[in-house]
Engineer: 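Have a look at the structure that comes next, please.
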Amino acid sequence: MRGNKSYIELKKTALMQYFSRMNDMQKKAVFTVNGPLLVLAGAGSGKTTVIVNRIANMINFGNAYFDETRSGNADDIEFLEAYINGETDDLDGLREAVAVNPIKPWNILAITFTNKAANELKERLNAMLGEEALSIHAATFHSACVRILRQEIDRIGYGKDFTIYDSDDAQRLIKSVMAEMEVSEKNFAPKALLSEISFAKNRMITSAEMKENAGADFRKKTIARVYSHYCARLKESNALDFDDILLLTVKIFEDFPEALDKFRNRYKYILVDEYQDTNQVQFRLVSLLSEQHRNICVVGDDDQSIYKFRGADITNILSFEKQFEGAVVIRLEQNYRSTKTILNAANAVIAHNEERKEKALWTNGDEGDKICWYKACDENDEAQFIANEILKHYKESGKYSDNAVLYRMNAQSNKIEQALIKSGIPYKIYGGLRFTDRAEIRDVIAYLNFINNPFDMVRFERIVNKPKRNVGDTTVELIKQISTDLKLSPLDVMRNCDEYAPLSKKVSTLKTVAAMFDSLIEKVDVLPLNELLDEVLAKSGYMAYLRGLGDEGVNKIENVQEFYSTVASYTDEAEDPNLNEFLEEVALYTEADRDDNSDDRVTLMTVHSAKGLEYDNVFVVGMEEGIFPGIRSMDSPEDLEEERRLAYVAITRAKKKLYLSNAAQRLLFGQTQRNLTSRFIKEITRELIEKNDNTISLRNQMSNEAVTAVHSSSLQQQLARNKAKSNTKAEAVEYTAGERVMHNSFGEGTVLSVKKMSNDSMLEIAFDKVGTKRLMANFAKLKKI
DNA sequence: TGTGCACCTGTTTTT
DNA sequence: CAGGTGCACA
């Protein structure tokens, strides 16, 4: 008896020691392996570290810490004593001495929202666990579901090679559905309709249910009709939108218990990150999967729930304990990021919210600088102030990249950009056009999608006449009609167009087009992807079409060239590269996934996209009633609370110094507005703030000069010049023919030719292994060797 | 079937 | 202010 008690104590001490880098609350989360667990992880509380260590604990030691069933033998006790005394740090020995039901890595499913978070998690698990980490399924909700659907979707009448429609494809589809149903875009904005449909899908409301609930409401009835048609068209195209990916997975789990069982047995331990952002479908999915084993751990922060407008349901996290009986709740409130001052400000602001789980961040760190509140005369003054402050910080630290400027809406970025350009400060903007949003890239992707799935009507319409093939709208409409009526793919219809009287005039044209696509389809499983892409660009005439555009086309060709490297790196990294999987990756990929911290620039982005990031110095601009909080949120207490959470997110991004600014007047959307100071500034305890009111000093000076100066033409020219300079990458390297270079996916090669283009150059390189490629110097990430 | 002009309308956007 | 888009017209 005595021996066993001391074994338990020794075991706990040893495990504490193994995870000694964690604080007590973090350790508790790490050791709690079985049953439902809610981790309320405040901003900067080391959330990812906890997740990684918790998984490491599960795999190495299982439920060792809380277990009371295993009694140690003399060897175990001897080992533990040696371990505790620092005589050994052998992990395998420790495993042997303490482990209780260690969990197989492939029984763990870790779900995140972004690819970036999933990748970070994978990397850190890899660093901590080595090879075993590879069998852990760490993925986004969407990619995890796609993986399930690829196995199971034929149960509900879709083909396994289904296509994924992103928001842009979905919008095209909804427009075409509306046209077909004669619903005017004037009365129903396609975007709004789409978001209504998305909300319905997120809440698992079918079009039939929506119709029922509509009663006599014409608007709702119309939406329900469009919704129903939209779904039908998706299915005919064997396509899924983002919401379908989750919804159909849930549907299969609900309707086919044997499918659900399969995945329940596989994923016995489930972990969900950013749980405050889950919607109802995601909740349902997680519930279904975890119902049996009940090993569900969710991590999140209700104070950082900022995606209600996209269907996120904060009640998921607020009522977790009700929904999962017996849940353990752990609060991580120690912050390792910000100064006391910043945390106190954040706490003061968020305390004004009613609907939240009480918690308060604290830190052992310094008091730090006071928060700077800058009252600007107008938006130019605000921007210039920020530029000046950044220059000051740069003088001290020699770095631009620890500064970030956050705004409520993208429209505010312009003035900041101008000021930074004027001061010669390099910056990068998040949230502009995504690379894959560019028309030419979408076209190329559409070709690939169509040859992968010839039922894809949206992609068919996009490219069938691009470049011009003499297939006009009327013909396309006819083909669509026939395909829908006969349940054929548009490609089938073109192939056999002589069988359909309405197409009689176009027989030879359509046969040629069909033959072109067929010849490409033949190559899908034959050629490696990069060669397939070459073939597509050549046979479709798309490349020739871009070349024919002259100057305009140059940039587009560059972008297509860059797309090559996406293909190449996929081919290199994938286990079994294939077109279908590549297209899936492209569809679920976001611009944020490829952010490179490589160069030293100030970051500009919306508060939303800043979630999860941190910077030494953070500037939150436009702290004005009507902007932040936004005008649309001011009449609903619920929306206002979300704005406040957004403010909380913004404030807690700062590690050392926080700047809040507002302007006495600002020009926005062509109108000059005078807004009151944001309530969020007023909610901060006054002692934490150092106010800097420029509206007083400037009233005494000749203010107009400073303001109008920005618009003067000589300055404009200077701006343009600076911009050109800052846009060229600092490390723009010159290459000459004959040089040896290294490319991170193509390997080593010799430069054959260099062709100057605007502010880049196109290189023709003979690679030793993969043959001759054309690459843009600035994109190619080449190394001279 | 392409171009150009007038008009309109402006949060946030992980997939 | 500025980008996107619908629509008219050639």
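Proteins come first, then strands; the chains are lettered A, B, ... in the order of their sequence lines, and each starts at number 1.
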Engineer: List every contact pair, protein side and nucleotides 5-9 of chain C side both N or O, where the distance is under 3.5 Å.
Structural biologist:
unit_1: C/dG6; atom_1: OP1; unit_2: A/E185; atom_2: OE1; d: 3.2

Engineer: Suppose we screen for ring pair (Phe, Tyr, Trp, His ring centres under 6.0 Å). Which residues come up paired with A/F680, at least two apart in sequence or across chains?
Structural biologist: A/F628

Engineer: If we count only N and O atoms by modelled type, under 3.5 Å, do the side chains of A/Y230 and A/D241 hold a donor and an acceptor together?
Structural biologist: yes

Engineer: Does the side chain of A/K47 reach to within under 4.5 Å of the side chain of A/D273, using non-hydrogen atoms?
Structural biologist: yes

Engineer: What's the spacing between A/E643 CD and A/R632 CZ if we round to 0.5 Å?
Structural biologist: 11.5 Å

Engineer: I'd like to compare against my own output: the B/S/- annotation of nucleotides 6-13 of chain B with a strict under-4.0 Å heavy-atom distance to protein.
Structural biologist: ----BBBB

Engineer: Pick one for B/dT12: is it syn, with its angle within 90° of 0, or anti?
Structural biologist: anti

Engineer: If the test is side chain to side chain contact (heavy atoms under 4.5 Å, CB included), which one of A/I270, A/L38, A/L289, A/L271 qualifies with A/I296?
Structural biologist: A/I270

Engineer: Can you confirm whether or not the ring centre of A/Y545 sits under 6.0 Å from the ring centre of A/Y542?
Structural biologist: yes

Engineer: Taking C/dT5 as the reference, what is the distance to B/dT12 when you measure between their P atoms (whole Å, please)?
Structural biologist: 16 Å

Engineer: In a check of salt bridge (charged side-chain N to carboxylate O under 4.0 Å, His left out) between A/E120 and each of A/K116, A/R124, A/K122, which one passes?
Structural biologist: A/R124

Engineer: Below 6.0 angstrom between ring centroids: does that apply to A/H137 and A/F263?
Structural biologist: no

